[in-house]
Amino acid sequence: MNGTLQSVLHPAGADAAVISQFTWVLFGAGTLIFVAVMALLVLSLRDNAKPLRPGLWIAGAGVAFPVLVLSALLVWSTWRSAQLVPQSSNTALGISVTARMWWWEVRYRDPGSGREIVTANEIHVPVGQTVYVGLNTADVIHSLWVPALSGKRDMIPGRVTGLTLRADQPGIYRGQCAEFCGAQHARMALHVVALAPAAFRDWLQREAQPARAPQGALLERGRAAFIEQRCQTCHTIRGVAETARLGPDLTHVGSRIRIGAGLLRTHQGTLAGWIADPQSAKPGVFMPAAAGIDGDTLRALAAYLEHLQ
Ligand code: CUA
C-alpha cells in the first residue's frame, strides 16, 4: 500500500488525475508567459533598445496573444472536464458521511442483512469502483476534501450533497475538512482506505459484526468501565450499548488508523491519554475528561477499546 498521501500532485483516482493535470498545465503556461514578459522587460531596458511600434505590440501581445492562449486553455479544460467521473448517486456502492464538529460519521449498508453499519473518520472503498458518497452535516458548514482522489464538496446544513469518486490504486489517502468550521477545523481529518474488492468485502463483513466479547479479567474490567464512566451516553458499541449517537461509534475503534479525527495513532496509550484529557489533545472538543478515573480502570478501558478490532 502507498503511504498516507494528501496531495493534489499525487493523484490516485480518475478525478484527481484531471485536477492534477490542470494544475501543471496552468502552472506551466503561467511560468512560460512570466519568463517571456521578464525577457521583454530586460530587452526594453537596454541602453541601445530600438524604439517599438506601439500599435503592433498592443494588438499583438495585448489582444491577439491573450485571446489565443485563453481560448486554447478554455477549449482544452472544457474537453478535459468532460472526462471527470460523472456525478451520480446511481452507483453499486453508496456511503453516507455526516460531518460533525469535528469528526466524520460514516455509514454503510450491510449487503447481507440490510442493517446500517456506522463507523467514523475512515471511508473504506473498493479500488477501481465508482462510489457515491452522500454528504450532510449535523451542525455547521464543512467540506470534504481528499486531494489524492477528487475535488472538494461542501456539506451544508439542511441539504444533502454528494461526491462521486473512484480510487484507482490501493492505498490510504488523507483527507481534510476544507471549510472553516470552528476551533478544531484544522484537526478534522479523515482517511480513505482503498482496498482490493475482496479485501473490501471482508472489511465490510467484519465491520457488520457486533463488538468482540472481552477475553480475560482486564478486558472485562474495561467493558464494565465503559458503562461505569457513562461513555455510553455519547458512544455506541454494538452489542454493549447501542442508543447514543453524539460521539463516534466505537464498535471497531481498535481497527481504525487514528482516533480524534486523524489526530493520534490508535493504541492503548493514546486511547488512555485521550480519555483522561481530551481537551489537551484537541481543545474545545465536546468530549469531557473522565473525571476521577483511577489508573488501573483507565488502563483497562483503553485496553478494551484497543481490542475492539
Ligand atoms: Cu469541519 Cu472545517
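All of these numbers come straight from a predicted model, not from anything done at the bench. Just follow the structure's listing: the first ligand is 1, and inside any ligand the first atom is 1.
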- Message: Assess whether a salt bridge exists between Arg166 and Asp168, defined as any Lys/Arg side-chain N lying under 4.0 Å from an Asp/Glu carboxylate O.
- Response: yes
- Message: Salt bridge check, Glu122 against Arg256: does any charged N sit closer than 4.0 Å to a carboxylate O?
- Response: no
- Decide, yes or no, whether a salt bridge links Glu105 with Arg107 under the criterion of side-chain N to carboxylate O below 4.0 Å. yes
- Item | Every N, O or S from the protein that is nearer than 2.8 Å to atom 2 (Cu) of ligand 1 | Cys177 SG, Glu179 O, Cys181 SG, His185 ND1
Side-chain donor-acceptor pairs of residues 208-222 under 3.5 Å, sequence neighbours excluded:
residue	atom	partner	partner atom	Å
Gln209	NE2	Gln205	O	3.4
Arg212	NH1	His307	O	3.0
Arg221	NH2	Thr297	OG1	3.0

- Message: Is it the case that the ring center of Trp57 lies less than 6.0 angstrom away from the ring center of Phe65?
- Response: no
- Item | Distance flag, aromatic centroids of Phe286 and Trp103, threshold under 6.0 Å | no
